[in-house]
Protein chains: 2
Amino acid sequence: MPRHFLRKLELFTRLSAADRQALEGVVGEKLRRVGPREDIVREGDSASHVSLILDGWACRYKQLEDGRRQIVAFFLPGDLCDTFIDVLREMDQSIGTLTPVTFAEISRDTLGAVAARHPRIMQALWWDTLVSASIQREWTVNLGQRSATERLGHLLCEVFIRLQGVGLTEGDHCVLPTTQADLADAMGLSTVHINRTLQELRGSGLIVLKGRNLTIPDLAALQAASLFTPNYLHLDHVGRHLDAVEPLAV
Amino acid sequence: MPRHFLRKLELFTRLSAADRQALEGVVGEKLRRVGPREDIVREGDSASHVSLILDGWACRYKQLEDGRRQIVAFFLPGDLCDTFIDVLREMDQSIGTLTPVTFAEISRDTLGAVAARHPRIMQALWWDTLVSASIQREWTVNLGQRSATERLGHLLCEVFIRLQGVGLTEGDHCVLPTTQADLADAMGLSTVHINRTLQELRGSGLIVLKGRNLTIPDLAALQAASLFTPNYLHLDHVGRHLDAVEPLAV
DNA sequence: CGATCTCTTGATTCTCCTCAAATGCGGTGG
DNA sequence: CCACCGCATTTGAGGAGAATCAAGAGATCG
């Protein structure tokens, strides 16, 4: 069931059959399905469980008093929200869906127990958490320094590569299910300007975007135009060396 | 020696005498002192150790190919950089000093060993890491949605409250040792505009800034003007309940 | 097939940037 | 002690990028 999640963790480490089974079990416990534009977690909620996105897109966002909304992270299939959140008393931001979403609600105790029994999983969850933090920092750079075109191009590169990591791309295209208003809230730009920036990217042939279908004919070119370097995604299979150190316990 | 650090951890939990002693030991191992505008960690370095700031200000930043620099985090006395970084192979951003800095270089093994023997410390390091992530998300909101005045005001609120947490404020004032250029790189604004924004904040009486000395006569007013809410700093002494659950093992 | 959401376009405004130069300030050496 | 230097701050003028406002065209969905 959590195939995207397993696939993502295996970008970093090798999981044994037992590891995989344990994760399947955790996910089976409590499945939820919600429509688009609904909240999964609300600011102020107590931090009792984590959510694993199985299908659809969600985001973490913060709404200011006057209505302005900033999306600070996208959650794609396979993403785990707030892995180690239980130390904090309450959520400081909300998590909401962008599309219809299927997700597993995992209690922190369950996840903790599994992680304790499966060191590989623990390690992989760590990696995932640190990569998320790294992405967050890169978003800060993106909003602070890059022009609208670079910024949006950078996001599209990131999303494409992350989707690729969980097997949700086909050749040079993937689905981009967000509205332009969502993109605007993520990039700190107005909807109108997102629209014009997309046109600019289209005009220069860097992307083809029809409906919800995004094609990136030349990823390297888009990366160059957006000052994108993928190192912050840490997809270099760092943990694969674990095979040597600690043989699979099947 | 690491008094600011201890003080910060105790915002969250109570440390036993043994805990404190263990941390003192770790910090004594390798002290380093560097001047302003030097790098402590460079992008691409292997992630072998963590740095604990004892005195002075540093920052995490990323430099784009064309020279633009974004500061993504400030490190104040008592801040620990890259606590659990060892899972990732290499650093994706650099850490540099803003002022002269004294810091302790702690090998990941040493820190890991101490944390393993002292569950309270482990817990506190977790809390610290999650709070850092929370701050990072708030910076994303700051850059994405807030106007120059709000943005800068928000930063000053955050810095003041963080300094307060480690005992580095006196009444309504504290030291702000950064140059306006540093602030500009942190806020994604130009130096010129930072200057004018500071004047605006001064003009409205929200701050008094003379040289390196910052006074915030009415913190609540500055918070209101900047749409600042301190919840994301999680200073609500979350872990104090640990006293009840797990008595001090002295 | 009308209602609603999303996307697109045009016109205008404003925030913030860039370029350029002046002023102030802390240190250093004559 | 003062002259000078380098750096940080301040000020001015003009311009670019993005926001806002408003309205029309296309989708999508009950």
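Only this structure's heavy atoms are used, side chains among them; waters, hydrogens and symmetry mates stay out. To find a chain, count down the sequence lines: A is the first, B the second, and so on, and within it residues start at 1.
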For B/V72 and A/R137, the nearest pair of non-hydrogen atoms, with its separation, is CG1-O, 3.8 Å
When you compare the protein's N or O atoms with those of nucleotides 24-30 of chain D, which come within less than 3.5 Å of each other, and at what distance?
none

Note: A/L206 and A/A225 closest approach over all heavy atoms is CD1-CB, 3.8 Å
Between C/dT8 and A/N195, is there an OP1 or OP2 to side-chain N/O distance shorter than 4.0 Å?
-> yes
When rounded to whole Å, the CG to P distance for the pair A/L176 and C/dT6 reads 14 Å
B/L201 CG to D/dT10 P, in whole Å, measures 13 Å
Is A/E38 paired with A/R33 through a side-chain N to carboxylate O contact shorter than 4.0 Å? no
Would you say the side chain of A/L168 lies within less than 4.5 Å of the side chain of A/P77, judging by non-hydrogen atoms? yes
*Does A/Q199 have a side-chain nitrogen or oxygen under 4.0 Å from the phosphate oxygens OP1 or OP2 of C/dT8?*
no
B/K210 atom NZ is separated from D/dT10 atom C1', nearest whole Å, by 17 Å
Sorted by chain and number, sequence neighbours left out, side-chain contact (heavy atoms from CB on, under 4.5 Å) with B/A224 holds for none
Once base and sugar-phosphate atoms are separated, protein heavy atoms under 4.0 Å mark nucleotides 10-26 of chain C, 5' to 3', with B, S and - as BB----BSBB-------
Review point. Quick one: do A/E10 and A/R3 make a salt bridge, cutoff under 4.0 Å?
Key: no
Residues A/D92 and A/R60 bridged, charged N to O under 4.0 Å = no
Quick note, B/Q180 side chain, CB onward, closest among C/dT8, D/dA8, D/dT10 is D/dT10
note: A/L209, atom CG; C/dT8, atom C1'; distance rounded to Å ~ 13 Å
- prompt: Between A/K8 and A/D79, does at least one N-O distance fall below 4.0 Å, as a salt bridge requires?
  reply: yes
query = Does any N or O in the side chain of A/T99 come within less than 3.5 Å of the main-chain N or O of A/P36, such that one atom is a donor and the other an acceptor?
reply = no
For D/dA19 and A/R68 - does any side-chain N or O of the residue sit under 4.0 Å from the phosphate oxygens OP1/OP2? no
Rounded to whole Å, the CD-C1' distance (B/E200 to D/dT10) equals 16 Å
note: B/L198, atom CG; D/dT10, atom C1'; distance rounded to Å ~ 11 Å
